Structure formats: structure tokens, C-alpha cells
Colleague: 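Structure in C-alpha cells, see below.
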Amino acid sequence: MPKLELEDTIAAIATPLGEGGISVIRLSGPGAFACARPFFTAPSPTSIEEFPANTIHWGKIADREGRMVDQVLLSVFRAPHSYTGQDVLEVSCHGGLAVTKKILGLFLANGARHAEPGEFTRRAFLSGKIDLTQAEAVLDLIHAKSDRSLDIAVRQLAGQLSRRFKALKDLILKLLAHLEVYVDFPEEEPETDVNEGMRERFSAIEAEMRSLLDGFGRNQLVREGALVTILGKPNAGKSSLFNALLDRDRALVSDIPHTTRDHLEESLEMGGFYVRIRDTAGLVPVPGHPLERLGMEKTLQAIAESHLVLFLVDGSVGLDDDDRHVFEKIPKEKALLVLVNKADLPMKLDAAGLAALTGGTDSIRISTRTREGLKELERKIAAFLEKETGEEGEQITKLRHKDVLEKARDAVRRARETFDRKESFELVSVDLRDAIEAMKELTGEIYSEDILDVLFSEFCIGK
Ligand SMILES: Nc1nc2c(ncn2[C@@H]2O[C@H](COP(=O)(O)OP(=O)(O)O)[C@@H](O)[C@H]2O)c(=O)[nH]1
Ligand SMILES: [Mg+2]
């Protein structure tokens with residue numbers, strides 16, 4: 001049934017719509033060459049249908065009436081050696097809106113259908129060029145906002161995560177094969193060491209599933225960004241720090257307390273990580289203005305959501321009850337960095353008092369004015385994220401992976417429990433087969449149209 005989807009020829013603009021150096025219009029399908037032929041002329045007399053695979057040709061695109069549209073480069077790919085696994089043509093024209101749309105229009109008027117979002121990648125999947133986790137990696141690669149995310153997407157696209165899934169599936173298959181020997185010969189009572197061997201296989205499978213599932217939260221941190229919140233009493237310099245980290249004047253800074261009412265959030269890259277940094281309204285024991293109270297509620301919410309809190313104190317004044325009040329609002333288990341700001345001014349802060357308040361947490365001296373200590377702060381934030389996300393192996397990246405893997409895990413658990421109760425191996429193998437089915441869903445060996453529709457609807461047109 002899905003093969004039908006591959007029978008027509010699709011076309012789309014593959015570059016962002018707007019003005020730029022070049023734009024690319026992509027054609028894929030059995031009719032790609034026939035579709036472009038009437039419009040493209042090259043200086044050589046060869047017809048485009050004879051152009052060899054993996055070649056690029058300079059030429060002109062003209063409409064049916066022979067009016068020149070643009071000078072272009074035509075890239076030629078032939079099935080199965082193309083992105084989609086089909087015949088593919090890519091026209092690189094000058095990057096203007098009118099010219100790009102005009103060329104697409106010519107193709108659409110000559111038999112091509114406008115591609116759906118992600119349809120080129122969907123075809124790559126349907127023709128077996130990539131599996132489902134690799135298709136998902138294409139999207140992650142496009143959306144990657146930091147070196148870290150990019151790295152994960154590239155490895156997943158290269159098939160590393162799929163290999164880990166396949167290895168896990170093989171472990172389950174082997175266990176099943178082992179069991180079935182005894183299903184076929186029920187009179188053979190397994191020896192104790194055989195039982196022991198099977199128990200070990202169960203543990204290995206369950207451990208691998210746990211490890212994959214554990215990676216999900218860490219990976220989310222890498223992809224969606226770590227939330228880092230700046231906290232401190234009014235006038236500590238939170239907004240100044242926010243601006244200094246962003247390297248621009250994003251938040252209003254003034255020596256009037258409570259200048260910041262709402263919290264602001266901006267993202268930046270720090271040590272290869274995608275970080276969402278938040279400036280907050282100062283917390284005071286007794287809010288004066290109603291807006292102040294609202295601002296503080298938002299600050300409390302920001303603390304709860306944060307992965308890391310930057311507790312900022314003003315070193316040019318002594319530690320006071322306002323600082324203590326702010327510190328009390330930080331839950332004990334929150335990851336924390338203590339910053340002493342305004343290091344460019346004479347220090348009045350009592351270091352021992354600060355250490356007593358923060359339970360001996362090391363502090364970093366900074367000045368948002370001279371930028372002293374900011375590099376060290378960025379290093380510390382990156383080191384924290386390094387530790388949180390871990391370096392090891394491939395990780396699952398999608399909610400879909402997590403859901404399907406949990407389904408497989410539950411099936412394996414049921415199988416193991418049946419096995420432990422010494423019930424018939426036939427019952428054990430029923431659950432193991434369910435686990436294998438779930439593993440096949442993970443890589444897309446089995447899939448439904450609905451799953452593909454959801455996955456590819458997130459893509460842009462032309463990808
Ligand atoms: N000397 C000095 N003044 C600073 C520094 N950081 C902030 N300030 C000043 O402290 C005041 C309060 O800053 P602001 O960022 O609005 O504080 P917030 O209320 O915590 O957001 C402003 O007048 C800033 O110019 C610093 O590192 N050194
Ligand atoms: Mg502020």
C-alpha cells in the first residue's frame with residue numbers, strides 16, 4: 001500500500017522563502033526528468049534524460065512560450081542513489097521570491113504535485129534509504145540549537161541509535177529462541193544452569209532498556225535547553241548580569257528597585273549547550289505594589305522550573321535579611337551557583353556570613369560592569385550541564401521512543417515474572433514476542449500511516 005505513495009512526482013521549494021544567494025527547487029519521482037525537460041536547456045545538445053547520475057549542469061530555464069526565467073544549475077540524481085531513493089532533480093536558481101515560485105509553478109503545471117511537509121524524507125523512509133529513527137534525526141538536525149544537539153542528531157542520522165535498538169531486539173530474539181527449544185520439547189526439563197542463563201539474559205535486556213530510558217530526560221535537557229534562573233534581592237544586579245551574559249541590553253537596568261516586574265527569558269549557547277536564561281523580579285519579604293506580588297509569584301514559579309539557580313548577592317553592601325529571604329525560597333535540592341556581584345566596588349560582604357547562609361557553597365566573584373568572573377561563570381554552568389547530561393552512548397530523543405520502549409519494557413517484565421513463577425515457557429514467549437513487535441515499531445520495521453503522518457507533519461515543505 002505505501003508503495004502507491006511513491007508513484008507520482010513531487011516538487012517543492014527546498015530553501016527558506018525569501019531573498020538569498022540561491023534557492024533550490026526539488027523534484028522527486030519517476031516523472032522528475034519528464035517534468036523538467038520542456039523548460040531546461042543546456043549548451044550541450046544532450047537531452048536532460050541522458051544526463052548521467054550525480055552530475056551538475058549549467059543551463060537556462062524558460063517557460064512554455066520560450067521566455068527566459070533564470071540561469072540555473074541542475075543537479076541530477078538517479079534512483080536508487082538519491083536522498084529519496086528516486087530520480088531527483090534539484091534546480092539551484094537565483095534566490096529571489098518571484099523566480100523561485102515561477103520555476104516551481106512550471107513544474108506543478110507539468111505533472112508534478114506539490115510536496116507535503118517532510119514528504120521527501122518520507123519517501124527516503126518508504127524506499128528504505130533510512131529507518132524511522134534516522135528520519136527523526138533529520139528533523140533534530142535541522143532544529144539543533146547547539147553543538148551538543150547537533151552532535152546527537154548527526155550520530156542518530158548515521159544510524160547509531162538504530163544499531164543500539166537492533167542490538168537490543170537481537171538480545172530478545174536470542175532469549176526467545178532459547179526458550180522455544182523447550183516449548184517444542186516440553187518433556188525436556190531445563191537444567192538449573194540453563195535457567196540461570198536465561199535469568200541473566202533477562203537482566204541484560206532489562207538493564208539495557210533502563211539505560212536507554214534514563215537517557216531520555218538528559219537528552220531533553222540538551223535539546224530543549226537548560227533553564228537557568230538568576231535570583232537575588234532588588235538591585236543585586238540580576239538584569240545587568242542577564243544583559244552581560246547575552247552581550248546586549250535586553251533587560252531594563254536601573255538603580256530603582258523593582259524595575260523588573262515580569263521575568264524575561266532568552267536563549268544562548270554556552271560551552272556547546274543550549275541554555276535558556278531567565279531574569280526575575282527581585283524577591284522581597286513584604287511586597288508593596290500588587291504588581292510586585294505578581295512578579296514575585298512568577299519568580300517562585302521560575303525557581304521551581306529551573307535546572308540551575310544563580311543566587312546573586314551585591315558584594316558592595318553587606319549581606320542582609322533580604323538576601324536571606326531570597327535564599328530561603330530556593331529548595332534545598334536545587335542545583336545552585338553563588339555569585340558575588342559588583343566586584344569592581346569596595347567589598348563590604350562578609351564572606352564567612354555568606355558561606356554560613358549557603359551551606360559552604362563556593363562563590364564566584366563577578367562584576368557585570370567589568371565582566372570580571374563572567375567567563376568562569378559560563379565555564380561553571382557548562383560543567384554543570386556536562387555532568388547532568390553525561391557523555392555516554394546513544395540516547396533516545398523522542399517521546400515516541402520513550403512510549404514504545406516502555407511498552408517493550410513492560411512486556412519483557414511480564415515475561416520475566418511469568419518465567420520466575422515457573423509457568424509454561426509458551427506463556428513467557430507470548431510476552432517476549434510482544435516486546436519484539438514493540439522493538440520493530442521503534443525502528444519503523446513496522447509502522448502505521450498515522451505514525452508517519454504525525455512524524456512528518458513536523459517537517460518543513462521541501463525537506
Ligand atoms: N558598580 C557596579 N554596579 C552594578 C553592577 N551590576 C549592576 N550594577 C548596578 O546596580 C543597579 C541595579 O542593577 P540591576 O541589574 O537593575 O539590578 P536588579 O534589580 O537585580 O535587576 C544598577 O544601577 C546597575 O548599574 C556591577 O557589577 N558593578
Ligand atoms: Mg532587574
Side-chain angles (χ1 to χ4, degrees), residues 227-268 270 275-306 308-330 334 336-351 353-354 357-358 361-381:
L227 199 55
V228 176
T229 300
I230 308 173
L231 278 189
K233 68 180 171 194
N235 265 349
K238 298 178 295 299
S239 299
S240 307
L241 175 61
F242 182 72
N243 289 342
L245 289 174
L246 292 172
D247 231 344
R248 63 196 163 92
D249 285 341
R250 171 69 179 81
L252 211 57
V253 168
S254 85
D255 51 11
I256 308 162
H258 309 298
T259 304
T260 313
R261 298 282 198 198
D262 203 352
H263 63 232
L264 298 174
E265 183 180 314
E266 287 290 329
S267 40
L268 69 161
M270 237 181 234
V275 172
R276 288 150 54 208
I277 192 130
R278 268 191 194 170
D279 180 24
T280 59
L283 290 166
V284 287
V286 190
H289 194 276
L291 273 179
E292 212 176 292
R293 189 174 49 77
L294 282 176
M296 283 173 43
E297 275 168 19
K298 288 204 128 187
T299 300
L300 292 176
Q301 187 193 335
I303 300 175
E305 291 166 2
S306 313
L308 176 67
V309 167
L310 307 181
F311 176 54
L312 188 66
V313 297
D314 182 344
S316 70
V317 300
L319 203 64
D320 60 22
D321 282 345
D322 287 348
D323 293 307
R324 288 185 196 98
H325 173 76
V326 174
F327 191 80
E328 275 165 18
K329 297 290 176 204
I330 308 172
K334 274 285 163 203
L336 178 76
L337 289 176
V338 179
L339 310 177
V340 180
N341 189 28
K342 310 196 188 179
D344 53 299
L345 298 176
M347 278 292 113
K348 292 225 180 87
L349 188 98
D350 161 26
L354 181 63
L357 175 65
T358 62
T361 315
D362 284 345
S363 57
I364 311 172
R365 270 169 60 102
I366 63 164
S367 162
T368 66
R369 195 152 285 175
T370 65
R371 303 190 65 87
E372 174 189 339
L374 292 190
K375 279 274 163 285
E376 188 189 346
L377 170 60
E378 290 185 12
R379 268 197 304 277
K380 288 245 162 90
I381 295 175

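Values below: all heavy atoms of this structure, side chains included; hydrogens, waters and symmetry mates excluded. Numbering of ligands and ligand atoms starts at 1, following listing order. These figures come from a predicted structure and were not determined experimentally.
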Colleague: Using a 4.0 Å heavy-atom threshold (strictly under), name the region of Thr368 that reaches ligand 1: side chain, backbone, both or neither.
Modeller: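 The answer is both.
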
Colleague: Would you kindly specify which portion of Asp344 sits under 4.0 Å from ligand 1, judged on non-hydrogen atoms: side chain, backbone, both or neither?
Modeller: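 Side chain only; the backbone of Asp344 stays clear of ligand 1.
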
Colleague: Among Lys238, Arg369, Arg371, which one puts a heavy atom closest to atom 18 (P) of ligand 1?
Modeller: Lys238

Colleague: Between the side chain of Thr280 and the main-chain N/O of Ile230, is any donor-acceptor distance below 3.5 Å?
Modeller: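 Present.
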
Colleague: Got a sec: is Ser239 within less than 2.8 Å of the Mg ion (ligand 2) via an N/O/S atom?
Modeller: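 Under 2.8 Å: Ser239 contacts the Mg ion (ligand 2) through an N, O or S atom.
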
Colleague: Could you tell me, atom by atom, which parts of ligand 1 come under 4.0 Å of a heavy atom of Ser367?
Modeller: 27 (O)

Colleague: For ligand 1, which part of Ile366 has a heavy atom less than 4.0 Å away: the side chain, the backbone, both, or neither?
Modeller: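 Looking at Ile366 and ligand 1, no heavy atom falls under 4.0 Å.
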
Colleague: Tell me whether Asp279 is salt-bridged to Lys238, with the criterion being a basic N under 4.0 Å from an acidic carboxylate O.
Modeller: no

Colleague: Which of these passes salt bridge (charged side-chain N to carboxylate O under 4.0 Å, His left out) with Arg276: Glu305, Glu265, Glu266?
Modeller: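 When Glu305, Glu265, Glu266 are each tested with Arg276, the salt bridge (charged side-chain N to carboxylate O under 4.0 Å, His left out) holds only for Glu265.
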
Colleague: Suppose I only count heavy atoms of Leu345 and a 4.0 Å limit; which atoms of ligand 1 are within that range?
Modeller: 1 (N)

Colleague: Is there a polar contact between ligand 1 and Asp279, counting only N or O atoms under 3.5 Å apart?
Modeller: no

Colleague: Do side-chain atoms of Thr299 reach the backbone of Ala281 as a donor and acceptor pair under 3.5 angstrom?
Modeller: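 The answer is yes, because a donor-acceptor pair under 3.5 Å joins these two groups.
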
Colleague: Given Lys233, which partner from the list Asp321, Asp322, Asp323 fulfils the salt bridge (charged side-chain N to carboxylate O under 4.0 Å, His left out) test?
Modeller: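 Of the listed options, the one satisfying the test is Asp323.
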
Colleague: From Ser363 OG over to Leu339 CG, what is the distance, rounded to the nearest 0.5 angstrom?
Modeller: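 So the gap between those two atoms works out to 8.5 Å.
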
Colleague: Run the numbers for me: atoms of ligand 1, each under 4.0 Å from some heavy atom of Gly237, listed by number.
Modeller: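 This gives 7 (C), 13 (O), 14 (P), 15 (O), 17 (O), 18 (P), 20 (O) as the contact atoms.
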
Colleague: Against ligand 1, does Ala236 come closer than 4.0 Å with any heavy atom?
Modeller: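 Under 4.0 Å: yes for Ala236.
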
Colleague: Which ligand 1 atoms are under 4.0 Å away from a heavy-atom of Ser239?
Modeller: 15 (O), 18 (P), 21 (O)

Colleague: What donor-acceptor contacts under 3.5 angstrom involve side-chain atoms of residues 371-378, with partners at least two apart or in another chain?
Modeller:
unit_1: Arg371; atom_1: NH1; unit_2: Ala244; atom_2: O; d: 3.2
unit_1: Arg371; atom_1: NH2; unit_2: Ala244; atom_2: O; d: 3.3
unit_1: Glu376; atom_1: OE2; unit_2: Lys380; atom_2: NZ; d: 3.3

Colleague: Hey, could you give me the CG/OG1 distance between Leu310 and Thr229, rounded to the nearest 0.5 Å?
Modeller: 8.0 Å

Colleague: Need the ligand 1 atom indices (1-based, order shown) with element for anything under 4.0 Å from a heavy-atom of Ser240.
Modeller: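 This gives 6 (N), 7 (C), 13 (O), 14 (P), 15 (O), 24 (C) as the contact atoms.
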
